[in-house]
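Remember, it's a predicted structure, so these values are computed and weren't measured experimentally. The chain is numbered in sequence order, starting from 1.
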Amino acid sequence: MRYFIQYDGEKEMLLETYWFNEIGKHTITYSGYDGFELFKQTKTTFDYDTYGNLSETQSIYYISPKNDSIGKLYSNEAREYFRKYNSIEKLDEKYRSLYERVNPESVDWNSDLPIYAKLIFKRNTLGRDSIIEIYNTFGDKIYLDETVSFFYDSKNNLKRKKWMDITNPNIIEFQAFRPSSTELADTITKLTGSYQEKTLNYFKDSIVIQYFANGELTGNEIQMTVDNGQLKTELTLNANGDTLSYYKSVYDSDNRLKTWQRIIDTGYDGFGYTIDLSLGNIKKYQYDFKNRLLQIDTYENDKHICTERFEINNK
C-alpha cells in the first residue's frame with residue numbers, strides 16, 4: 001500500500017495498493033483511492049510466463065455514472081471559464097468536491113471495461129528482453145503505438161536499445177513544449193513513424209551511452225558505477241556537450257539506495273525531447289529489516305515537501 005502526504009495541510013492519502021501471489025510475484029495494482037484521481041479508478045494486471053518472466057501488463061479503468069456526469073459538466077464549463085478567468089483552478093476545486101469516492105477494490109472489473117494501455121514482453125532464448133510492444137488507445141480502439149527492441153553482445157550485455165513509433169493514420173503528430181513554458185519547441189517536433197536509439201559501451205567503472213533520433217546523434221550520457229554495478233552518477237549532455245541533467249545516488253552499507261539527488265536538470269532528455277520533472281530535487285529512502293522499501297521523503301533543497309509511505313498488509 002502506497003500512501004502520500006504533502007506538507008501543505010492535507011491529510012495522508014492512499015494512492016495505490018500492490019497485490020502479490022503466493023510466490024511473491026506482483027499481480028495487480030489498484031489506484032484511485034482517497035482523493036487521487038477521484039473521478040477514475042484503475043486496475044493494472046501483470047501476467048507471467050511459465051519461467052516466471054513478466055509477459056504482459058494490461059490497464060483498465062472505471063468511471064462511476066455519477067463521476068462520469070460530473071466530468072462532462074466540468075468539461076462543458078472549463079473552456080468558457082478559462083476564457084473568462086484565464087485559469088480553471090477554482091473551477092477544479094469546485095468539481096473535485098462533487099466527485100464520489102469509489103474503492104477500486106470493490107469495482108466489478110470482470111465487466112466490459114475499456115483497456116487504455118497494454119504492454120507485451122517478448123524474450124530471447126536466454127530470457128532477456130527482446131521486444132516490448134506498447135499499446136495505447138485512440139477513441140475506443142486500442143492500437144500498437146510503439147515497439148522497443150533490445151540487442152546484446154556476445155557476453156549478453158545490452159548494447160543497443162531502439163524505440164520505434166508505429167505509423168498510424170489516425171494518430172496526429174505532436175510538438176514538444178519547452179520546459180516550464182507554453183512555447184512550442186519546433187526544433188524537436190516528433191512524428192509518428194520516427195525512431196530513437198541508445199548505444200551502450202561498457203568500461204570498468206562507467207557506461208557511455210549515445211542517443212540517436214532518426215539516425216542523428218542528439219546526446220550522450222555517462223553513467224559512473226560502483227563495484228557492484230550500481231549507478232553512482234548520471235550525466236546527460238546534448239550533441240554540443242551542454243549539460244542537460246546530472247543525478248547523484250548514494251548507497252548504504254547494505255547496497256540499498258539511500259539518497260538520490262538531482263543536481264541539474266534542464267527538462268530535456270538526450271534525444272532532445274522535454275520530460276516531466278518529478279517533485280523535489282532530493283529523495284531519501286528508508287527500508288525494513290527485509291530490505292523492503294518503507295518510505296521516501298522528498299525535499300526541495302532543505303525543505304521537506306512530501307512523503308511516500310509504503311505499508312505491508314498481509315490480507
task: Identify the two heavy atoms, one from Gly32 and one from Pro104, that lie closest to each other, and give their separation to 0.1 Å.
output: O-CD, 4.1 Å
message: Evaluate Tyr247 against Asp265 for side chain to side chain donor-acceptor pair (under 3.5 Å), listing each step before the verdict.
response: CA-CA 8 Å; Tyr247 301 149; Asp265 204 315; 2.3 Å; yes
message: So, taking the atom named CZ in Phe271 and the one named CG in Asn238, what distance separates them when rounded to the nearest 0.5 Å?
response: 14.0 Å
query: Do Val148 and Leu158 sit in the same hydrophobic cluster, where Ile, Leu, Val, Met, Phe, Trp and Tyr count as joined when their side-chain heavy atoms come under 4.5 Å apart?
result: yes
query: Does some side-chain heavy atom of Tyr143 sit less than 4.5 Å from a side-chain heavy atom of Ile166?
result: no
message: To the closest 0.5 Å, what do you measure between CG (Asn136) and CD1 (Ile142)?
response: 7.5 Å
message: How long is the straight-line distance from OH of Tyr99 back to CG of Asp68, given to the nearest 0.5 Å?
response: 9.5 Å
Non-hydrogen atoms of Tyr246 and Thr233 that approach each other most closely: OH-CG2, 3.6 Å
field: Residue of the set Lys43, Arg2, Arg309 for which salt bridge (Lys or Arg N to Asp or Glu O under 4.0 Å) holds with Glu16
entry: Arg2
- prompt: Between Asp288 and Lys290, does at least one N-O distance fall below 4.0 Å, as a salt bridge requires?
  reply: no
query: After noting the C-alpha distance and the side-chain angles of Val208 and Leu200, does the key distance pass the side chain to side chain contact (heavy atoms under 4.5 Å, CB included) rule?
result: CA-CA 6 Å; Val208 177; Leu200 295 86; over 6 Å; no
message: I'd like to know if Ile134 and Trp163 are part of one continuous hydrophobic network [Ile/Leu/Val/Met/Phe/Trp/Tyr, side-chain heavy atoms within less than 4.5 Å].
response: yes
- request: Quick one: do Ser194 and Asp165 satisfy side chain to side chain donor-acceptor pair (under 3.5 Å)? Show the steps, please.
  value: CA-CA 5 Å; Ser194 65; Asp165 295 303; 2.9 Å; yes
query: If every non-hydrogen atom of Leu15 is compared with every non-hydrogen atom of Phe4, which pair is closest and at what distance?
result: CD1-CB, 3.5 Å
Pairwise side-chain contact, Phe20 with Lys25, heavy-atom cut-off 4.5 Å (strictly under): no
- prompt: Of all residues at least two apart in sequence or in a different chain, which pass the side chain to side chain contact (heavy atoms under 4.5 Å, CB included) check with Thr17?
  reply: Met1, Leu14, Trp19, Tyr30, Tyr33, Glu105
task: Verify whether one side chain among Glu221 and Tyr211 offers a donor that lies under 3.5 Å from an acceptor in the other.
output: yes
query: How far apart are the C-alpha atoms of Ile132 and Thr147, what are their side-chain angles, what is the distance that settles it, and do they pass the side chain to side chain contact (heavy atoms under 4.5 Å, CB included) test?
result: CA-CA 6 Å; Ile132 300 176; Thr147 61; over 6 Å; no
message: Between Tyr18 and Ile28, is there a side-chain heavy-atom distance shorter than 4.5 Å?
response: no
task: Could you check Asp297 against Gln295 for side chain to side chain donor-acceptor pair (under 3.5 Å), going step by step and ending with a plain yes or no?
output: CA-CA 7 Å; Asp297 290 289; Gln295 188 165 306; 3.0 Å; yes
message: For a side chain to side chain contact (heavy atoms under 4.5 Å, CB included) check, start with the C-alpha distance between Gln223 and Phe203, then their side-chain angles and the critical distance, and finish with the verdict.
response: CA-CA 10 Å; Gln223 298 181 351; Phe203 300 92; over 6 Å; no
- request: Taking the side chain as every heavy atom from C-beta outward, state whether Phe39 and Tyr74 have any pair of such atoms under 4.5 Å apart.
  value: no
task: List in chain and number order the residues that pass side chain to side chain contact (heavy atoms under 4.5 Å, CB included) with Asp129, two or more places apart in sequence or in another chain; answer none if no residue qualifies.
output: Phe121, Arg123, Phe150, Tyr152
query: So which of Thr236, Thr243, Leu235 actually passes side-chain contact (heavy atoms from CB on, under 4.5 Å) with Ile264?
result: Thr243
query: Under 4.5 Å between any side-chain heavy atoms of Gln210 and Leu217, yes or no?
result: yes
Neighbour count above 12 (heavy atom, 6.0 Å) for Lys248 NZ: no
message: Please determine whether residues Phe151 and Phe212 belong to a single hydrophobic cluster, defined as Ile, Leu, Val, Met, Phe, Trp and Tyr linked transitively by side-chain heavy-atom distances below 4.5 Å.
response: no
- prompt: For Lys162 and Tyr195, what are the C-alpha separation, side-chain angles and deciding distance, and is it a side chain to side chain contact (heavy atoms under 4.5 Å, CB included)?
  reply: CA-CA 7 Å; Lys162 182 176 182 178; Tyr195 69 93; 3.8 Å; yes
- request: Verify the distance criterion only: is there a donor paired with an acceptor across the side chains of Asn291 and Asp254 at less than 3.5 Å?
  value: no
- request: Give a yes or no on whether a salt bridge exists between Glu197 and Lys161, defined as a side-chain N under 4.0 angstrom from a carboxylate O.
  value: no
task: Might you confirm whether atom CG of Asn76 has over 12 heavy atoms from other residues, nucleotides or ligands at distances under 6.0 Å?
output: yes
task: Kindly work out whether a path of hydrophobic side-chain contacts (I/L/V/M/F/W/Y, heavy atoms less than 4.5 Å apart) joins Ile70 to Phe82.
output: yes
- request: For the pair Lys90 and Glu93, find out whether any cationic side-chain nitrogen is under 4.0 Å from an anionic carboxylate oxygen.
  value: no
- prompt: Does any non-hydrogen side-chain atom of Ile282 lie less than 4.5 Å from one of Thr259?
  reply: yes
statement: On a heavy-atom basis, the closest approach of Ala213 and Thr218 is CB-CG2, 3.8 Å
Ionic contact status for Glu100 with Lys66, cut-off 4.0 Å: no
query: Could Glu77 and Lys94 be called an ion pair, given the rule that one side-chain N must be under 4.0 Å from one carboxylate O?
result: yes
- request: Group every Ile, Leu, Val, Met, Phe, Trp and Tyr by side-chain heavy-atom contacts under 4.5 Å, then state whether Ile296 and Ile305 land in the same group.
  value: no
message: So for atom NZ, which belongs to Lys258, do other residues, nucleotides or ligands contribute more than 12 heavy atoms lying within a distance under 6.0 Å?
response: no
- prompt: Could you give the distance from NZ (Lys122) to CD1 (Ile120), rounded to the nearest 0.5 Å?
  reply: 7.0 Å
Spacing of NZ belonging to Lys232 relative to CG belonging to Asp205, to within rounding of 0.5 Å: 7.0 Å
Within-4.5 Å side-chain heavy-atom neighbours: Leu257 and Tyr285: yes
Pairs of donor and acceptor atoms involving the side chains of residues 51-62, under 3.5 Å and at least two apart or interchain, shall be tabulated with distances.
| from | atom 1 | to | atom 2 | distance (Å) |
| --- | --- | --- | --- | --- |
| Ser55 | OG | Asp47 | O | 3.1 |
| Ser59 | OG | Thr44 | OG1 | 2.8 |

- prompt: Are any of the side-chain heavy atoms of Val107 and Val102 separated by less than 4.5 Å?
  reply: yes
task: Assess the pair Tyr81 and Tyr85: is the distance between their ring centroids shorter than 6.0 Å?
output: yes
- line: Rounded to the nearest 0.5 Å, the OG atom of Ser149 sits from the CZ atom of Arg160 at a distance of 8.0 Å
